[in-house]
Amino acid sequence: MVRGRVLGGVSQGFLLVWGAMVVFPLLWAVLSSFKSDQDIFTSPWSLPTRWRWDNFSRAWNESHIGTYFFNSVVVVLGGVVLTLLLSSAVAYVLARFEFPGSRALYYVFVAGMVFPGFLALVPLFFVVQNLGLLNTYLGLILVYAAHGMSFSVFFLTAFFRTQSKELAEAGLVDGCSHWGVLFRIMLPLARPGLVSIGIFQFLGMWNEYLLPLVLNTDEKRYLVTQGLANIAVTQGYHSDFSGLFAGLTISIIPVLAVYLGFHRQISAGMTAGALK
């Protein structure tokens, strides 16, 4: 019992330290977004002497965070929807049908999870360029979807294998096509897994920087991550660090909103997949 209490205390202490390491920089960045540049340098650890809401309007309009935010919403939502549609269809086929090469195809997707994406940047750039999709929303959406399919297929294949085959067979007997069985029966049953995958993909795509940096060089179509990096360089010469922190806070809001709104669904989806 003593040993268990000691281990429990050490574990809780480690978690508290880890939580402080995560929360403190985030809280400091948010508080700095309400300060003036002078307050940031003279009293970085104190509360703002005056809460400056104009930092956000300046970041949104003058630093074009609003444009970058809109671009990210279009690309990320399109990438998440396309990833879920394609990966769910592929995972359903791999889980329900045996055909020559099915296992090899499955392991190709699994291997894609460990393949370093930066190694494919040069050929990926030329492929997108030859398709005429460089500096376009569609090009980034397609690349994001392809990039996120490996993990999605791996996760959903295991999820579909646990679903009842009798329901699918009953749907076929009643006149449903395979697409009808997928969209009317199997996808509703796999909703916890789809929600979990959708949230993971949203968080990963929203924070992606390397792919848009290479495939999206048009400043008018910059995503939030590119915009913040650009602001960090340009505003550094103008000494507008308060606007930079305001833009950073704006970019954090969707991530926090998605996590706080769906963290229970993430746990439910992962637990359902593990129990099944």
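- Ring-plane geometry between W45 and W28 is classed as tilted, the angle between the planes lying from 30 to 60 degrees on a 0 to 90 degree scale.
- The aromatic rings of W206 and F202 sit parallel to each other, their planes meeting at less than 30°, with 60° as the upper class boundary.
- Cluster annotation: F115 is connected to F155 through the hydrophobic network of ILVMFWY side chains, with a link wherever side-chain heavy atoms come within less than 4.5 Å.
- Using a 4.5 Å heavy-atom cutoff, the side chains of S251 and L248 are in contact.
- Under the 4.5 Å side-chain criterion, counting only non-hydrogen atoms from C-beta, H64 is not in contact with N230.
- Enclosure of atom CZ in R161 by more than 12 non-hydrogen atoms of other residues, nucleotides or ligands within 6.0 angstrom is indicated.
- Checking S242 against D37 by side-chain atom types alone, a donor-acceptor pair falls below 3.5 Å.
- Atom CZ of F126 has 12 or fewer heavy atoms from other residues, nucleotides or ligands within 6.0 Å.
- Ring-plane geometry between F183 and W179 is classed as parallel, the angle between the planes falling under 30 degrees on a 0 to 90 degree scale with a further cut at 60.
- Side-chain contact between Q226 and Y68 is absent, with no heavy atoms from C-beta onward closer than 4.5 Å.
- If you check the side chains of T225 and E208, you find no donor sitting under 3.5 Å from an acceptor.
- Considering only residues two or more places apart in sequence or on other chains, R58 meets the salt bridge (charged side-chain N to carboxylate O under 4.0 Å, His left out) condition with D54, D240.
- With rounding to the nearest 0.5 angstrom, the CD1 atom of I250 is 9.0 Å from the OG atom of S63.
- With rounding to the nearest 0.5 angstrom, the CG atom of L194 is 9.5 Å from the CG atom of L85.
- In this structure, W60 CH2 and N55 CG are separated by 15.5 Å, a value rounded to the nearest 0.5 Å.
- Within the 4.5 Å cutoff, no side-chain heavy atoms of Y144 are placed close to those of T83.
- Within the model, atoms CE of M21 and CG of L26 stand 14.0 Å from one another, a figure rounded to the nearest 0.5 Å.
- Counting heavy atoms from C-beta on, the side chains of F151 and I197 come closer than 4.5 Å.
- The shortest side-chain heavy-atom distance between L167 and L189 falls under the 4.5 Å cut-off.
- The two atoms that bring T249 and A29 nearest to each other are OG1-O, 3.9 Å, heavy atoms only.
- Among the candidates L142, N216, V75, the single residue satisfying the side chain to side chain contact (heavy atoms under 4.5 Å, CB included) test with Y137 is V75.
- Other residues, nucleotides and ligands contribute only 12 or fewer heavy atoms inside 6.0 Å of the CH2 atom of W53.
- Looking at heavy atoms from C-beta onward, F69 lies in side-chain contact with P254 at the 4.5 angstrom threshold.
- For F245 and F34, the gap between ring centers reaches or exceeds 6.0 Å.
- The closest side-chain heavy-atom distance from F154 to F109 is not below 4.5 Å.
- Summarising the geometry of S152 relative to Q201, their closest heavy-atom pair is OG-NE2, 3.0 Å, with the distance given to 0.1 Å.
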